[in-house]
Number of protein chains: 2
Amino acid sequence: MATDRLSRIFGALADPTRRAILARLSEGEATVNELAKPFSISLPAVSRHLKVLEAAGLISRSRSAQWRTSRLEAAPLREVTFYMEKYRRFWDESLNRLEQHLELLQDEDKP
Amino acid sequence: MATDRLSRIFGALADPTRRAILARLSEGEATVNELAKPFSISLPAVSRHLKVLEAAGLISRSRSAQWRTSRLEAAPLREVTFYMEKYRRFWDESLNRLEQHLELLQDEDKP
DNA sequence: CCGTTATTTAACTAATACGTTAAATATGCA
DNA sequence: TGCATATTTAACGTATTAGTTAAATAACGG
């Protein structure tokens, strides 16, 4: 994975464990132990996934006593959606319908 | 990167060279040589990036004489956008405005 | 058939990713 | 202080990634 921000974000999203962690965090903040519970991997492994997510800006973390709670951060998700926008014309259903319509119009010009 | 489809897609998007290739393909089909031209990496390297993109379903390829042309494929882009949808409430501006509005309403109940 | 052009495969290297277990660190509390 | 709990860091193994150069393959055109 490269070092630019978009690459870090996509790279972070490329792992199913990390996506599951994000899904969990979409329901509310959680500690490392809570996040680790559903997985069969060790705590240090989860700790590192969190570090990757944090480096991508997808989560922020705060300490309260011996617990470190993670919370989902909006900005990178917004960034990805904006990135996808420039490809929307390739898949947007209504636009495809428009294109088909235009093709039909062209066909009408032909014999 | 894991082996499920979404991971393959995000993994493919995690490389800036591959994103640049997709951007180029959004302007139309292109051969391997054409795609390689803007980059300072070797042809085999580009060939492999194309294989990664193809495995993710982000491009399809056809052969015509000795040229292999690549074209952008819509489905995975749609899939990513749909995936992002479930996080939209975390960053959608208008929703934030709604939330602020609700907070204001709550504040009005207070002294 | 031969030479040229386009592309891929093979073989290799270096860096990164992801997991492990063991040890270190941080904090709360008796 | 000292133990318990939560989390991170260290040290390590292995797989994957991304690049290289050299050789192989594919298809055209004389």
Side-chain angles (χ1 to χ4, degrees), chain A residues 1-22 24-25 28-72 76, chain B residues 1-25 28-71 76:
Chain A
M1 193 208 325
T3 52
D4 67 285
R5 186 170 32 172
L6 213 39
S7 297
R8 274 200 302 274
I9 297 171
F10 281 127
L13 292 172
D15 183 283
T17 301
R18 288 194 290 263
R19 289 200 304 279
I21 288 173
L22 290 180
R24 165 64 186 79
L25 289 176
E29 304 190 350
T31 66
V32 179
N33 255 304
E34 286 166 350
L35 291 172
K37 194 144 290 174
F39 303 108
S40 55
I41 60 176
S42 68
L43 220 44
V46 172
S47 180
R48 292 223 251 198
H49 280 307
L50 292 174
K51 195 179 279 189
V52 172
L53 290 169
E54 189 176 26
L58 283 159
I59 66 170
S60 61
R61 321 179 70 187
S62 60
R63 183 187 287 286
S64 151
Q66 69 266 57
W67 295 278
R68 302 206 61 185
T69 61
S70 301
R71 62 171 287 166
L72 199 56
Chain B
M1 194 209 321
T3 52
D4 67 285
R5 185 169 33 175
L6 213 38
S7 297
R8 274 200 303 274
I9 297 171
F10 280 127
L13 292 172
D15 184 284
T17 301
R18 287 193 291 263
R19 289 200 304 279
I21 289 174
L22 291 181
R24 164 63 187 80
L25 289 177
E29 304 190 350
T31 66
V32 179
N33 255 304
E34 287 166 349
L35 290 172
K37 194 144 289 174
F39 303 108
S40 56
I41 59 177
S42 67
L43 220 45
V46 172
S47 180
R48 293 224 255 197
H49 280 308
L50 292 175
K51 196 180 279 190
V52 172
L53 290 169
E54 190 177 25
L58 283 159
I59 65 170
S60 62
R61 320 180 70 189
S62 61
R63 182 186 288 287
S64 151
Q66 67 266 58
W67 296 279
R68 302 207 60 185
T69 61
S70 301
R71 61 171 288 167

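Protein chains get the first letters and strands the later ones, always in sequence-line order, with residue 1 at the start of each. Fair warning: this is a prediction, and the values are worked out from it, not measured in the lab.
Dashed line: the shortest gap from a side-chain N or O of B:N33 to OP1 or OP2 of C:dT7 is under 4.0 Å. Remark: B:H49 is not in phosphate contact with D:dT17, judged by side-chain N or O atoms under 4.0 Å from OP1 or OP2. For A:K51, a side-chain nitrogen or oxygen approaches OP1 or OP2 of D:dT9 to under 4.0 Å. Dashed line: the shortest gap from a side-chain N or O of B:R61 to OP1 or OP2 of C:dT8 is under 4.0 Å.
Which of D:dT20, C:dT20, C:dT9 sits closest to the side chain of B:S47 comes down to C:dT9. Counting only heavy atoms from C-beta on, A:Q66 has its side chain closest to D:dT5 among D:dT20, D:dT5, D:dT8. Nearest nucleotide to the side chain of B:R63, out of C:dT8, D:dT8, D:dA27: D:dA27. Residue B:P44 has its side chain nearest to D:dT20 when only D:dA18, D:dA11, D:dT20 are considered. Between D:dT7, C:dT20, C:dA6, one nucleotide has an atom nearer to the side chain of A:A45 than all others, and that is C:dT20. Checking D:dA18, C:dC18, C:dT20 against the side-chain heavy atoms of A:S42 singles out C:dT20 as nearest.
Regarding A:R68, its CZ atom lies at a distance of 13 Å from the C1' atom of C:dT27, rounded to whole Å. In this structure, the CZ atom of A:R8 is 16 Å from the C1' atom of C:dA17, given to the nearest Å. In this entry the distance linking CG of A:L50 with P of D:dT9 reads 12 Å, nearest Å. One interatomic measurement links the two molecules: CZ of B:F10 to C1' of C:dA17, which rounds to 18 Å at whole-angstrom precision. Distance CG (A:L43) to C1' (C:dA24): 14 Å, rounded to an integer number of Å. A:W67 has its CH2 atom 16 Å from the C1' atom of C:dT25, to the nearest Å.
Under the 3.5 Å distance criterion, with hydrogens and angles disregarded, no donor-acceptor pair is assigned to the side chains of A:T31 and A:T69.
Within the nucleic acid shown, B:I41 comes within 4.0 Å of sugar-phosphate atoms alone, with no base atom in reach, counting heavy atoms only. Within the nucleic acid shown, A:T69 has no heavy atom closer than 4.0 Å to any nucleic acid atom.
Rounding to the nearest 0.5 Å gives a distance of 11.5 Å between CG of B:L58 and OG of B:S70.
For A:S42, there are no side-chain hydrogen bond (donor to acceptor under 3.5 Å, both in side chains) partners, not counting sequence neighbours.
Listed for the A:R18 side chain is a donor-acceptor partner under 3.5 Å among the backbone atoms of A:A12.
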Under the side chain to side chain contact (heavy atoms under 4.5 Å, CB included) criterion, do A:R19 and B:L6 qualify, and how do the steps go? CA-CA 10 Å; A:R19 289 200 304 279; B:L6 213 38; 3.8 Å; yes
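DNA chain C is contacted by both B:V32 and B:R48; B:V32 maps to the nucleotide lying nearer its 5′ end (nearest heavy atom per residue).
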